[in-house]
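So the structure is just underneath, and the comments pick up after that.
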Amino acid sequence: MKYLQQDLREKLYDAIKDEYDIKPGDIAFSIPPDRKFGCLSTTIPFIIAKKQKEKPFLIGNKIIEKIKDRLDMFSEIKLAGGGFINFYFKKGFLFKYLVENRDRQIKNKNHKMIVEHTSINPNKAAHIGHLRNACLGDTLAKMLRYLNYEVEVQNYLDDTGIQVADVVWGMMHYNLEEIKKIKGLASYLWHLYADVSKQLAGNDEFKAERNLVHQKIEDKIDPEYEISDYIAQEVLKDHIRVMDILGIRYDLLVRESDIIHLDFFKDAAEIMERINIMYPSKDPEKEGCQVIKYKKENIEKIIVRSNNTVTYIGKDIAYSMWKAGLFDKDFFYSTFHTYADTGKEIFITGSEGEDKEFNFGGGRTVYNVIGVRQSYLQNIISQEVIEPLSPEESEREAIHFSYEMVALTPRCVEEMGFEISAEDSKKPHVDVSGRKGIAVKADDLIEKLVVKSLQEVKLRDPDIAEERARRIAKDIAVGALRYFMIKFSSSSVIAFDFKDALAFEGDTGPYLQYTLVRINSILRKLEDKDAVFDARRLDLSLLEEKEYGILYEILLSLSLLEVQVELAVEKHEVSVAANYTYTLCQKTNHYYHLFPIVVEENREIKHIRINLILLVKQKLEKLLSIMGIPIPEKM
RNA sequence: GCACCCGUAGCUCAAUGGAUAGAGCAACUGACUUCUAAUCAGUAGGCUGGGGGUUCGAGUCCCUCCGGGUGCGCCA
């Protein structure tokens with residue numbers, strides 16, 4: 001349909017460009033709310049009317065006169081509502097078009113996208129907040145791959161940060177050998193981190209000790225360094241394990257320690273100084289500091305402190321510039337992990353080693369999936385650094401893929417046995433806090449989902465083999481979780497509650513899975529020779545009006561797959577795809593409930609229905625794979 | 001103070017400036033001897049926080065007020 005729309009836009013533009021002063025981009029199409037208004041519609045007469053002071057309906061009628069003989073896929077082109085031009089496809093056109101073009105490849109964009117997501121501090125197990133980040137980022141990456149961009153997924157590791165120093169300080173009464181014996185280190189550290197945070201709060205002596213530990217980690221002094229290095233790596237492995245359960249994978253792990261040791265900031269600073277983005281502040285309060293001006297809020301942000309150390313944002317600037325290919329320096333790389341099933345490797349940066357050729361970094365578009373609270377800093381990076389360094393229009397761009405936090409409902413906090421202050425209990429939701437230990441661990445949530453779906457599976461098939469049941473339960477759990485994490489628009493806070501997250505009915509991942517599982521089940525019951533695409537034998541006039549109407553809605557919906565995915569990427573809203581998939585499934589369920597397929601006796605009608613569900617199956621599989629929702633073998 | 005986000009059905013959320021504001025949950029009614037009831041059909045539920053404005057057309061854009069939340073550090 002995308003090609004159809006493009007084609008139509010060009011023809012329309014050619015027909016009217018001499019008479020009206022418009023650009024091809026002004027012509028947009030939408031699908032009208034009611035089929036009596038046709039299957040495609042444009043409001044171009046209104047747009048022209050605004051510019052040229054002529055009645056929209058007069059313009060519309062003129063346009064229709066010009067184009068009506070040039071477009072043979074339509075049976076009718078009508079003016080309605082005072083200026084809408086409504087197009088009516090010839091009966092059967094769309095179905096044939098979809099079947100014939102079902103394997104059409106999306107054009108290669110020759111454009112490298114880097115998506116940074118997950119980026120969890122490597123000092124404790126992952127929680128639901130991190131899951132939202134990873135699910136959004138992974139879905140975005142999968143969408144970009146579907147649209148045929150070159151995509152590289154990076155996960156940034158703040159291995160020298162204060163959070164790691166916190167837990168190392170808390171572990172200093174152990175030696176490395178003892179730490180290596182701890183089972184489930186990430187989960188152990190979860191509790192330790194909460195304890196440590198409590199101890200450090202308001203105790204300056206402890207904080208001074210912790211700061212010393214932090215310094216030793218940065219300077220690679222043992223045993224602090226070796227302990228921190230071990231912890232960061234073990235926790236990272238645990239994050240990779242959890243994310244892999246959800247089908248989330250990475251290409252490259254970038255360590256902050258390597259950015260520091262390779263002194264990336266020096267190269268970044270030289271470039272920024274050269275074009276005066278970064279300069280010494282004249283503000284007496286910021287004497288001796290290098291700053292960047294944030295024009296929108298008229299603020300000077302400190303990048304280099306008066307003691308010559310680089311701030312948090314300074315390091316991120318260096319990393320962002322490297323990601324966008326704005327300087328030549330590169331990391332060294334080695335393999336960190338190999339995925340058993342595909343044999344694909346995750347690489348990790350290093351600061352020394354063999355100087356081999358790798359193609360990491362150098363993205364034309366660089367997405368950073370990070371919470372909305374970081375907007376201020378991310379805006380500085382994209383507006384004040386990357387943009388000025390990319391003078392040609394959209395040559396390089398850094399995009400903050402922003403989302404709101406996952407919070408807990410007060411009820412949920414109480415359910416989990418945390419104490420809740422009177423103040424918090426009045427709020428609509430309570431912030432997740434790794435520091436306080438108030439959060440739902442990713443592992444625990446997944447386990448709860450698996451247990452619940454296993455119950456449901458066994459309820460439906462008491463004789464099912466244990467291993468098979470577990471496999472299916474896991475698929476359902478993953479589907480439920482991933483869908484839950486992306487179905488809300490990213491600007492709304494998710495007030496997490498087990499009741500909603502554990503739901504398997506209605507607007508949920510399992511609903512989508514169920515739709516496809518049933519289609520597969522129907523197809524299994526057909527003979528092989530029946531279950532084939534064949535566009536020549538689709539005589540839709542055989543269908544009664546009601547069936548034709550519902551079938552047509554599904555076809556229109558199917559035709560929008562690529563358009564919807566593009567829209568999701570453009571709007572930075574992966575929920576667009578989730579909602580789209582859900583309505584497609586609703587229509588499909590409605591359809592095959594009313595019109596049986598296997599038992600249909602009229603062979604031509606049966607053939608039409610089979611071709612429809614074959615199309616739905618193909619598109620739905622694509623959509624689910626984009627959202628990382630697995631397809632269970634049965635439900 | 002400056003910058004930003006949110007407010008839509010009882011609850012959780014949808015809706016490129018477009019035609020009659022839609023789903024799910026909860027409630028109520030109905031459909032399993034039928035290709036899988038994790039489904040489907042139906043009933044009920046709305047001054048889209050209030051007030052102005054722009055527009056042929058506003059839940060959507062602008063202004064203002066009310067209510068809720070966030071960011072603005074030589075922390076990360």
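Residue K487(A) is out of contact with every strand shown, counting any heavy-atom pair closer than 4.0 Å. When heavy atoms are screened at a 4.0 angstrom cut-off, K452(A) is found touching no nucleic acid atom at all. Using a 4.0 Å heavy-atom cutoff across all strands shown, F29(A) reaches at least one base atom of the nucleic acid. When heavy atoms are screened at a 4.0 angstrom cut-off, Q374(A) is found touching base atoms of the nucleic acid. Among the atoms of the strands shown, none is found under 4.0 Å from any heavy atom of K55(A). Within 4.0 Å (heavy atoms only), I597(A) reaches at least one base atom of the nucleic acid. Residue N121(A) is out of contact with every strand shown, counting any heavy-atom pair closer than 4.0 Å. Looking at heavy-atom distances under 4.0 Å, P596(A) makes contact with a base. Across all strands shown, N308(A) has no heavy atoms under 4.0 Å from either base or sugar-phosphate atoms. Counting non-hydrogen atoms under 4.0 angstrom, S41(A) reaches a base of the nucleic acid. Note on F595(A): a base of the nucleic acid sits closer than 4.0 angstrom, heavy atoms only. No contact: E54(A) has no heavy atom under 4.0 Å from any strand. Among the atoms of the strands shown, only primed sugar atoms or phosphate atoms (P, OP1, OP2) are found under 4.0 Å from some heavy atom of E505(A). Using a 4.0 Å heavy-atom distance criterion, V517(A) is classed as a base contact.
For T139(A) against C135(A), the heavy-atom pair with the smallest separation is OG1-O, 2.6 Å. Closest approach of S489(A) to S575(A), counting heavy atoms only: CA-OG, 3.7 Å.
Across residues 518-526 of chain A, R518(A), S521(A), I522(A), K525(A) each have a non-hydrogen atom less than 4.0 Å from an atom of RNA chain B (numbered order).
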**Q.** Base-pairing string, 5' to 3', of RNA chain B - Watson-Crick or wobble, under 3.5 Å, | interstrand
**A.** (((((((..((((....[...)))).(((((.......))))).....(((((..]....))))))))))))....
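Between F488(A) atom CZ and U12(B) atom P there is a gap of 10 Å when expressed in whole angstrom units. To the nearest angstrom, P of A3(B) lies 17 Å from NZ of K295(A). Between L408(A) atom CG and G69(B) atom C1' the separation is 16 Å, expressed in whole Å. The distance between atom CD1 of I313(A) and atom C1' of C75(B), rounded to the nearest whole Å, is 13 Å. Q383(A) has its CD atom 11 Å from the C1' atom of A3(B), to the nearest Å. Between the CG atom of D497(A) and the P atom of C13(B) there is a distance of 11 Å, given to the nearest Å. Rounded to an integer number of Å, the gap from I31(A) CD1 to U16(B) P is 13 Å. To the nearest angstrom, C1' of C6(B) lies 14 Å from CZ of R373(A).
Remark: the N86(A) side chain and the A19(B) base include a donor-acceptor N/O pair separated by less than 3.5 Å.
For an aromatic pair to be called close, the ring centres must be under 6.0 Å apart, and F264(A) with Y319(A) fails this. Taking the six-membered ring for Trp and the full ring otherwise, the centers of F84(A) and F37(A) sit at least 6.0 Å from each other.
A donor-acceptor contact under 3.5 angstrom links the side chains of Y279(A) and E300(A), judged on distance only. Between the side chains of N211(A) and Q215(A), no donor N or O sits under 3.5 Å from an acceptor N or O.
Ring geometry for W169(A) versus F206(A): interplanar angle of 30 to 60°, hence tilted. Ring orientation note: the planes of F488(A) and F484(A) are nearly perpendicular, at an angle over 60° on the 30°/60° scale.
Ion pair D461(A)/K634(A) flagged as a salt bridge, since at least one NZ, NE, NH1 or NH2 atom sits closer than 4.0 Å to an Asp/Glu carboxylate oxygen. Between E600(A) and R609(A) there is a salt bridge, since a side-chain N of the basic residue sits under 4.0 Å from a carboxylate O of the acidic one.
When each of U36(B), A15(B), G17(B) is scored by its nearest atom to the side-chain atoms of K50(A), the top-ranked nucleotide is G17(B). Looking at the side chain of D34(A), the nearest of the listed nucleotides A76(B), U20(B), C72(B) is U20(B). Minimum atom distance to the side chain of N589(A) is reached by C40(B), of the listed C40(B), C4(B), G18(B).
By the criterion of a centre-to-centre distance under 5.5 Å and near-parallel planes under 30°, the ring of Y376(A) forms no stack with the base of A3(B). A distance cut-off of 5.5 Å between ring centres, combined with a plane angle under 30°, places F84(A) in a stacking arrangement with the base of A19(B). Applying the 5.5 angstrom centroid cut-off and the 30 degree plane-angle cut-off, the aromatic ring of Y514(A) is not stacked upon the base of U39(B).
Within the 3.5 Å criterion, the main-chain N or O of F46(A) finds no donor-acceptor partner in the side chain of T43(A).
Along RNA chain B, the nucleotide nearest G161(A) and the nucleotide nearest I476(A) are compared for position; the residue whose nucleotide lies closer to the 5' end is I476(A). With the nearest nucleotide of RNA chain B identified for both S375(A) and P33(A), S375(A) has the one nearer the 5' end.
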Q.
The test is side-chain hydrogen bond (donor to acceptor under 3.5 Å, both in side chains); show your working for N589(A) and H593(A) and say whether it passes.
A. CA-CA 6 Å; N589(A) 279 325; H593(A) 195 263; over 6 Å; no
